[in-house]
Amino acid sequence: MKTVSIKFLGRFDLQSLSGERGHLSGPKAALFLARLAMPPGQLHDRKRLTEILWPDRGEAQALALASLRQLLWALRKDLGEVGPPPIIAERSSIRLDPAVVAVDVVDFERLIRTGARNDLERAIALYRGDFLAEFDLDDDAGNTNLLFERRRLREMALSTLKTLADLRAKAGDLDGAVEMAERALSMDRLQEDVHATLIRLHRDRGRLGLARDQYEDCRVILRHELDIAPSA
């Protein structure tokens with residue numbers, strides 16, 4: 001039975017499924033939980049974790065392991081007295097128990113994999129923002145894997161928004177299709193195909209002025225950012 005919910009998409013959020021919100025002792029704890037959660041249930045070697053979290057410790061492995069134990073102790077306190085424990089720490093490995101912890105990223109990917117429209121709608125509702133959006137992952141070489149996850153999940157969200165724009169348009173929900181396309185452009189304004197989708201949607205809604213404005217926006221952005229003109 002899941003007793004803890006962790007949200008990594010957008011602003012980090014931790015709470016029990018009863019609604020009680022948790023507060024982590026620091027940003028390192030949130031990044032540590034993200035590593036444990038991706039992918040769910042994976043065993044993580046203690047020594048490797050210390051090398052990632054405290055690269056400046058060099059050969060002082062005992063000190064780094066002590067810091068890891070302190071972090072685990074603080075996390076158990078932050079997560080509260082729930083049972084079974086969300087974090088399973090063994091002699092040489094640590095993992096997050098997917099049977100106990102609900103993770104928004106896991107649900108996001110699971111829903112997208114089904115391909116069903118209702119599930120895609122639910123998935124995009126979970127995407128409140130980039131993975132660990134409030135953290136600057138570029139500043140630390142140890143965050144390479146987390147930065148990769150941010151970019152991968154963003155591409156999944158962008159692709160899903162495009163798909164939903166198309167599905168809504170085919171269902172006759174042109175306003176809803178515009179909403180999805182505009183959200184896609186807010187994530188990446190260089191998506192020429194999305195500009196084209198919006199131009200067609202505005203045309204089909206009889207909003208020719210908006211269609212012309214959209215084309216002009218596309219032309220200016222592509223010229224300024226890539227020094228190219230829109231395709232025919």
Residues in side chain to side chain contact (heavy atoms under 4.5 Å, CB included) with [X], at least two apart?
{"X": "Ala177", "result": "Arg168, Ala169, Leu201"}
{"X": "Gln70", "result": "Trp73"}
{"X": "Asp107", "result": "Arg110, Leu126"}
{"X": "Ala116", "result": "Thr114, Asp119"}

Check [X] against [Y] and note the closest heavy-atom contact, atom names and distance.
{"X": "Pro86", "Y": "Val4", "result": "CG-CG2, 4.0 Å"}
{"X": "Met180", "Y": "Ile124", "result": "SD-CG2, 4.5 Å"}
{"X": "Arg95", "Y": "Pro98", "result": "NH1-CD, 4.1 Å"}
{"X": "Pro85", "Y": "Asp97", "result": "O-CB, 4.2 Å"}
{"X": "Leu75", "Y": "Ala29", "result": "CD2-CB, 4.0 Å"}
{"X": "Leu137", "Y": "Leu31", "result": "CD2-CD2, 3.9 Å"}

Step by step, work out the side chain to side chain contact (heavy atoms under 4.5 Å, CB included) result for Leu146 and Leu132. CA-CA 8 Å; Leu146 297 180; Leu132 295 170; 4.1 Å; yes

With side chain to side chain contact (heavy atoms under 4.5 Å, CB included) as the test, would you mind laying out the steps for Leu68 and Phe32 before giving the verdict? CA-CA 10 Å; Leu68 179 60; Phe32 178 65; 3.9 Å; yes

Would you check if [X] and [Y] make a side-chain contact, meaning some heavy-atom pair closer than 4.5 Å?
{"X": "Leu111", "Y": "Leu120", "value": "no"}
{"X": "Leu72", "Y": "Arg46", "value": "yes"}
{"X": "Ile6", "Y": "Asp13", "value": "no"}
{"X": "Leu33", "Y": "Phe8", "value": "yes"}
{"X": "Arg183", "Y": "Leu158", "value": "no"}

According to a 4.5 Å side-chain heavy-atom criterion applied to Ile, Leu, Val, Met, Phe, Trp and Tyr, with indirect links allowed, do [X] and [Y] form part of one hydrophobic cluster?
{"X": "Leu198", "Y": "Leu167", "value": "no"}
{"X": "Leu36", "Y": "Ile88", "value": "no"}
{"X": "Val178", "Y": "Ile199", "value": "no"}

Where at least one partner belongs to [range], residue pairs that pass ring-ring contact (aromatic ring centres under 6.0 Å, His included), sequence neighbours excluded:
{"range": "residues 184-232", "result": "none"}
{"range": "residues 146-176", "result": "none"}
{"range": "residues 101-122", "result": "Phe108-Tyr127"}

Salt bridge check, Glu216 against Arg212: does any charged N sit closer than 4.0 Å to a carboxylate O?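 Between Glu216 and Arg212 there is no salt bridge, as every charged N stays at least 4.0 Å from the carboxylate O atoms.
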
Please enumerate all residues that pass ring pair (Phe, Tyr, Trp, His ring centres under 6.0 Å) together with Phe135, with sequence neighbours excluded.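 Applying ring pair (Phe, Tyr, Trp, His ring centres under 6.0 Å) to Phe135 gives none.
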
I'd like to know if the side chain of Ser93 reaches the main chain of Glu90, judged simply by a donor and an acceptor atom lying under 3.5 Å from each other, with no hydrogens or angles considered.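 Checking the backbone N and O of Glu90 against the side chain of Ser93, no donor-acceptor pair under 3.5 Å is found.
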
Just by modelled atom types, is the Met156 backbone N or O under 3.5 Å from a matching donor or acceptor in the Thr160 side chain?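 Side chain of Thr160 to backbone of Met156, a donor-acceptor pair under 3.5 Å: yes, one is there.
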
With side chain to side chain contact (heavy atoms under 4.5 Å, CB included) as the test, would you mind laying out the steps for Arg128 and Asp104 before giving the verdict? CA-CA 10 Å; Arg128 302 171 302 126; Asp104 62 346; 4.3 Å; yes

Residues sharing Leu222's hydrophobic cluster, by side-chain heavy-atom contacts under 4.5 Å among ILVMFWY, directly or via others?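 Joined to Leu222, directly or through intermediates: Leu190, Ile221, Leu226, Ile228.
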
Can you run down the salt bridge (Lys or Arg N to Asp or Glu O under 4.0 Å) pairs that involve residues 143-153, sequence neighbours left out, and say none if there aren't any?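 Sorted pair list: Glu109-Arg152, Glu149-Arg152.
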
Kindly state each residue pair satisfying salt bridge (Lys or Arg N to Asp or Glu O under 4.0 Å) with at least one member in residues 189-211, sequence neighbours excluded. Lys162-Asp193, Asp175-Arg205, Arg189-Glu225

Inter-residue atom distance Leu185.CG - Cys218.SG, 0.5 Å rounding: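 It comes to 8.5 Å.
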
Name all residues meeting the salt bridge (charged side-chain N to carboxylate O under 4.0 Å, His left out) criterion together with Asp130; count only those two or more places apart in sequence or in a different chain, and write none if there are none.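 Salt bridge (charged side-chain N to carboxylate O under 4.0 Å, His left out) list for Asp130, sorted by chain: Arg154.
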
Criterion side chain to side chain contact (heavy atoms under 4.5 Å, CB included) on Glu134 and Phe12, from CA distance to verdict: CA-CA 8 Å; Glu134 64 201 279; Phe12 177 84; 3.3 Å; yes

Go through the side-chain N and O atoms of Glu121 and Asn118 and say whether any donor and acceptor fall under 3.5 Å apart. no

